[in-house]
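For reference, the structure is listed below as structure tokens.
A note on names: the letters A, B, ... follow the listed sequences, proteins ahead of strands, and every chain is numbered from 1.
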Amino acid sequence: MHHEFRWTLSLAIARSLRLSTAHSPPEVSRMSLEEPEPSTHGDVGVTEDGLDYAALEALIGDSVIGRESHVNADGFVVRPDDVQAVLGTLKSEAGFDFCSCVTAQEYQDRYESIYHLKKYDDPTQEVSIVVPSPRDDPHNQTATPVHQTAAWHEREAYDLVGIEYDEHPDLRRILLPETWQGHPLSRDYNQDKPQIVTLREHANPLQEDARSASDPDTMFVNIGPHHPATHGVLHVKTTLDGEQIADIEPDIGYLHRCEEQMCQQSTYRHQIMPYPDRWDYVSAGILNEWAYARAAEDLADIEVPEYAQVIRTMSAELCRIAAHALAMGTFALDVFGDFTAVFQYAFRDREVVQNILEDLTGQRLMFNYMRLGGVAWDLPEPREEFFEKVRDFLDELPHKLEEYHDLVTGNEIFQMRCVDTGVLSPEKAKEYGCTGPVARGSGVDYDLRRDDPYGYYDELDWSVITEDGCDNFSRVLVRLREIEESARIIEQCTDLLEEWPEDDREIQANVPRTLRPDPDKEIYRAVEGAKGELGIYIRSDGTDKPARFKIRSPCFSNLHSLAEMSQGEYVPDMIASLGSLDIVLGEVDR
Amino acid sequence: MSSDQPTPGDAQSTQEARIGSGADDRFNSKLREAFGSTPFILTKFDKFMNWVRGSSMFMLQFGIACCSIEMIHTYAIKHDLDRFGAGVPRASPRQADVIIIPGTIVSKFAPRMKRVYDQMPEPKFVVSMGSCTISGGPFQEGYNVIKGAEEVIPVDIHVPGCPPRPEALIYGVAKLQERIANGESSPVTVKPYELEQFGDLEQDELVDKLASEIDEEDLVMRYNWADAP
Ligand code: SF4
């Protein structure tokens, strides 16, 4: 296609310009990443038919003090002071290089942290490492030296549940204010007790006495929590050395609205479903709902009719298009202040998608369309009209995408700002637990729709997009190209739905009115949300409400990598990186 | 200038001369006709200012949660709030007259929001968008959620919905314009959470406990969850 040629050409120019400036970050060669290096990890426990947990148990031997069986994987109970050894061995010998999530919870007699481990190469190979600690003095060893991503997860566990992690580099509250009293997801927390929250004036960095003593040339700058470029209420504490970033720390929690608590006090069958819409709220609602639906359906053994799966797949991909369109529009706004063209175009296209989704679900944003075992209702009548709308949208899409490529990826200013800035190497991306377009923009070929298939994805013809640039540019490019793939999926789904025999349009399985999964059943299940791996951990206690409901948010882990990307970069490049991460604070803070 | 301008010397009233002729003359307006030849408008200055204020509102670019997505859609291409004289989002509170509060307010954010509100010049107006800003909405029972924007700052217009549709927000803004034009003033919040110096708080168990962590002069907000509606 001609536009592709054009941007490649100006891309080369932009690169050479970048390279001539002094501060240019280390050049990451695109070529070398094309062929994944042969894995140096061992593959203990991998057999033809699934994981051999006995071999894994033998591998970590003495540390194991018990076995558990979760719905998604087996779990090993290990001694609280052996965490690093166990995770390290599993990483190097058995290839578990992805610490997807850390769930903390309090039982009547103990605290427990669960490390949900996976492999980037094959996320269906999972193992849970369960670490109990005593109720009166809950603490266990941190996993941070093995998995960088655990640092934030453990801070959250400390904040909300109250487990202390020994040797943690920086164990502070992460979501709640520093002066908060108590740990709200622990058993004896009293939510009616008053709290005091401070509004500290940050010292004026230009004043002599406020400069850091060790390095008097640095300057401290607050970005946010109310700032147009932070995509919501994020606070970034930056320390500058001249114009370059010496240190950066995202301060989150300005939108921590107790999503986990809300889900824990709602019933499985109907009350939980509206909440996922509000995690990643940039129209990605149905993708999030699917995360809950998948976890709960697997927990309660519910089979979803095929027809419903096709509708789910189609509507979820519509959501992905809307979400990626917003990501691109706001990114253009951040990077070259484009409030007029790209931003408005993106919103124009979102309006079209929202209209289609409104026809389908009755809502513009908070769809609440999925039900456990299917979807709320069938396609709107007259069906032909609905299909026509969808097809019209798909027909126009290639032209619109070309326009975006002309305006955005082919734009020289854009390229100057984005090529080779905010570099995140694939190794670092894995260490920080990045997923979604952020990981795929760093050449990590990981997409749950293909690697851990659900819905109707494995019956359809589409491909996973990766880019090897590892920079801000690649991440945007991945999103734009993913829109094309989503369109392919939607088209195939529309064909299928159109020809689906009328007497076989079953939209919901037969699900009891009140769901009470067996007590002590545990599950961790994830889907590919708009931003990456959106996982849910549920533990049931035999009642109609989950005993523990933990959300693994892709944005949370992706945001963690911001410091890595922007070390030594200029402030505007950091803003570009933040935009290219495409975080939604509702999902970061939950 | 149209070519059929009357040549000098033609008998003509001042009014005719000002209004000109021809239906396509863009300076003709109802207002012009009503005023006739008088180049003055007589009105109360206050009234005039209110009318001006209502017709040219600078909104603060302020996003919090899900509702802000619908708020952006209200500004953007299809709904285009600018058509109603209220579509200039300003990034700085010091340039804004109206703040739309689009989302859930939590304990960590409320002091910051209060600060942003305080930085806006008078007269200022508040539109609260969505159930979260009315009562805490779906998160009302959350341990960290403020039960409505009115707990922190005074609100002029509430737009219910979760999220309200862009049309609803536009209606809310139009209602606000109406109120401003009529000179109706802001309500006062009952029992808001205030920013106060830590040293001024009443002594109790919690204050004693935190005394070592917080300076006397630090601004704090104290949440009495038990008294919340
Ligand atoms: S009212 Fe609803 S849509 Fe608006 S911020 Fe609250 S939860 Fe989100």
Inset, instruction - Could you tell me which portion of A:Leu255 (side chain, backbone, both or neither) has an atom closer than 4.5 angstrom to a non-hydrogen atom of chain B? - result: both
Legend entry - Whether over 12 other heavy atoms sit under 6.0 Å from A:Gln271 CD: yes
Inset, instruction - Pick one of side chain, backbone, both or neither for A:Gln265, based on which atoms fall under 4.5 Å of a heavy atom in chain B. - result: side chain
Legend entry - Salt-bridge present (A:Arg364, B:Glu167; N to O < 4.0 Å): no
Legend entry - B:Arg83 atom CZ, neighbour heavy-atom count above 12 within 6.0 Å: yes
Inset, instruction - Specify which of A:Glu351, A:Gln181, A:Arg278, A:Glu178 makes the most heavy-atom pairs with chain B at under 4.5 Å. - result: A:Glu351
Legend entry - Heavy-atom pair with the smallest gap, counting every atom of B:Val106 and A:Gly253: CG2-O, 3.8 Å
Legend entry - A:Leu326 side chain near B:Ile69 side chain, heavy-atom distance below 4.5 Å: yes
Inset, instruction - Return yes if some donor-acceptor pair links the side-chain N/O of B:Lys108 with the main-chain N/O of A:Ile252 below 3.5 Å, else return no. - result: yes
Legend entry - Over all atoms of both residues, closest heavy-atom pair of B:Pro163 and A:Leu365: CG-CD2, 3.7 Å
Legend entry - For chain A, the option from B:Met113, B:Gln61, B:Arg165 that forms the most heavy-atom pairs under 4.5 Å: B:Arg165
Inset, instruction - Check whether B:Cys162 gets within reach of chain A through its side chain, its backbone, both or neither, counting any heavy atom under 4.5 Å. - result: both
Legend entry - Under 4.5 Å from a heavy atom of chain A, the part of B:Ile105 involved: neither
Legend entry - Rounded distance [0.5 Å steps], CG in A:Asp589 versus OG1 in B:Thr104: 11.0 Å
Legend entry - Nearest heavy-atom neighbours spanning B:Leu206 and A:Pro194: CD2-O, 3.4 Å
Legend entry - More than 12 heavy atoms from other groups under 6.0 Å of NZ on A:Lys193: no
Inset, instruction - Could you look at B:Ile64 and say if it's the side chain, the backbone, both or neither that has a heavy atom under 4.5 Å from chain A? - result: both
Inset, instruction - Work out which heavy atom in B:Ser107 is nearest to a heavy atom in A:Trp180; give both atom names and the distance. - result: OG-CZ3, 3.4 Å
Legend entry - Nearest-0.5 Å distance, CD of residue A:Gln354 to CD of residue B:Glu70: 5.5 Å
Inset, instruction - Enter the distance from B:Cys66:SG to A:Asp280:CG here, rounded to the nearest 0.5 Å. - result: 10.0 Å
Inset, instruction - Among B:Ser92, B:Cys67, B:Ala76, single out the residue with the greatest number of heavy-atom pairs under 4.5 Å to chain A. - result: B:Ala76
Legend entry - Segment of A:Asn355 engaging chain B (4.5 angstrom heavy-atom cut-off): side chain
Inset, instruction - Examine distances only and state if a side-chain atom of A:Tyr275 and a backbone atom of B:Pro138 form a donor-acceptor pair shorter than 3.5 Å. - result: yes
Inset, instruction - Enter the distance from A:Met262:CE to B:Tyr143:OH here, rounded to the nearest 0.5 Å. - result: 8.5 Å
Legend entry - Donor-acceptor contact present, side-chain A:Gln195 to main-chain B:Tyr223, <3.5 Å: no
Inset, instruction - Could you pull out all residues at least two apart from A:Gln191 that satisfy side-chain hydrogen bond (donor to acceptor under 3.5 Å, both in side chains)? - result: A:Gln261
Inset, instruction - Check whether the ring centres of A:His256 and B:Phe109 lie less than 6.0 Å apart, and answer yes or no. - result: no
Legend entry - Heavy-atom check, side chain of B:Asn144 versus side chain of A:Arg257, under 4.5 Å: no
Inset, instruction - Could you tell me how the ring of A:Phe347 sits relative to the ring of B:His73: parallel (under 30°), tilted (30 to 60°) or perpendicular (over 60°)? - result: perpendicular
Legend entry - Proximity breakdown for A:Glu358 and chain B, heavy-atom pairs closer than 4.5 Å: side chain
Inset, instruction - Tell me, for A:Leu175 versus chain B, whether the close heavy atoms (under 4.5 Å) come from the side chain, the backbone, both or neither. - result: backbone
Legend entry - Approximate separation, where rounding is to 0.5 Å, of A:Phe343 CZ and B:Ile77 CD1: 10.5 Å
